[in-house]
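To start, the structure under review is shown below, and the notes come after it.
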Amino acid sequence: MQTSTTHKSSLTHTASTIVRSEGVLGLYAGLSASLLRQATYSTTRFAVVDETKAWFAARSEDGKLTPLHSLLASTLGGIAGGIVGTPADLCNIRMQNDGKLPPDQRRNYKNAFDGLFRIWKSEGLKSLFIGVGPNVGRGVLMTGSQVTSYDIIKQKLLTTPYFRDDVYTHFTASLAAGLVATTLCSPFDVLKTRIMSHTDGHGAYKSTLDAAWKIWRSEGFAAFLK
C-alpha cells in the first residue's frame, strides 16, 4: 500500500491483488527479513530503553524516573534500534515489493541473509543503510510515543473504577498506545518504505526531504497515511 502511487490502495484491494497475482504465499513475502528486522530492531530499542532507564533510576534520589528521563531513554532506544534494524528492514521491503516489479527487474532474494549478502556484494556496505534517516526518525517517534502514551493511558485507566493493575488494563493501554504510535509514525513509515523500495543506491529520491516533497506534491498529504 505504501509503495503504491495511486489512490486505489485500500487494504482489501491490495490484499486481493497480491493473492490474485502471487497467491496466498505472496502475503508472506519477506517473512524471513521481517523476523530478522524484529530480532534486530525491537530487541535493540527495548534493551537500550531499559538499560537507560535503569541508569537514570540509579542516579536519581528517590529511584524514580522523570518524564524527561523516559523521553531521553526512548529517544536513544529509537536511534539505536533504527540504525541496527535498517539492513533487515531494507531487505524486507525489497522482498515485499518484488511482486509488483516487472520480471526482469525483480531481485528474487531467496531469504533475508541472501538479500543482505547480495546488497552488500553488488551495491556496497553503505547501501545496507539506505533509508536509515527516516528509519531512525520512525524509531524515535515510535518508541517515544509508545512508551509515553502507554504510561499515560494506563494511569488514566487506573483512576477509574473499572480498571485494576492487571492484564486487562495492560492490554487496553497497549492497544491504545499502538494506535497512537502507528498513526504518528505513518509519515516516516511511508517515507522509509518509498526510499528503500525505489532505490538501488541512486534512486528517485535524493534525500528524505526530497522524498517528502515529491510525495506531497504528486499525491497529497493523504499519501503519508497509507
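- For the 3.5 Å distance criterion, the side chains of Y109 and R94 qualify, holding a donor opposite an acceptor.
- Evaluation of the side-chain hydrogen bond (donor to acceptor under 3.5 Å, both in side chains) rule for N92 yields Q96 as partners, not counting sequence neighbours.
- Using a cut-off of 4.0 Å between Lys/Arg side-chain N and Asp/Glu carboxylate O, D151 and K154 are scored as not salt-bridged.
- Remark: K214 pairs with D210 by the salt bridge (charged side-chain N to carboxylate O under 4.0 Å, His left out) rule, at least two apart or across chains.
- For the 3.5 Å distance criterion, the side chains of D166 and T169 qualify, holding a donor opposite an acceptor.
- S32 places a side-chain N or O within 3.5 Å of a backbone atom of A112 that can act as its donor or acceptor partner.
- No donor-acceptor pair closer than 3.5 Å links the side chain of T143 to the backbone N or O of V140.
- Applying the side chain to side chain contact (heavy atoms under 4.5 Å, CB included) rule to D104 yields the partners P102; only residues at least two apart in sequence or on another chain are considered.
- Legend: ring pair (Phe, Tyr, Trp, His ring centres under 6.0 Å) pairs involving residues 34-62, not counting sequence neighbours, sorted by first then second residue: F56-H69.
- T14 places a side-chain N or O within donor-acceptor distance of the main-chain N or O of S10, the cut-off being under 3.5 Å.
- Residues satisfying the salt bridge (charged side-chain N to carboxylate O under 4.0 Å, His left out) test with R45, not counting sequence neighbours, are none.
- The backbone N or O of R37 sits nowhere less than 3.5 Å from a side-chain atom of D89 that would complete a donor-acceptor pair.
- In this structure, a donor-acceptor pair under 3.5 Å is present between the side chains of T3 and K100.
- The ring pair (Phe, Tyr, Trp, His ring centres under 6.0 Å) analysis of residues 145-170, with sequence neighbours excluded, yields no pairs.
- The pair D189-R138 meets the salt-bridge criterion, since a charged nitrogen lies less than 4.0 angstrom from a carboxylate oxygen.
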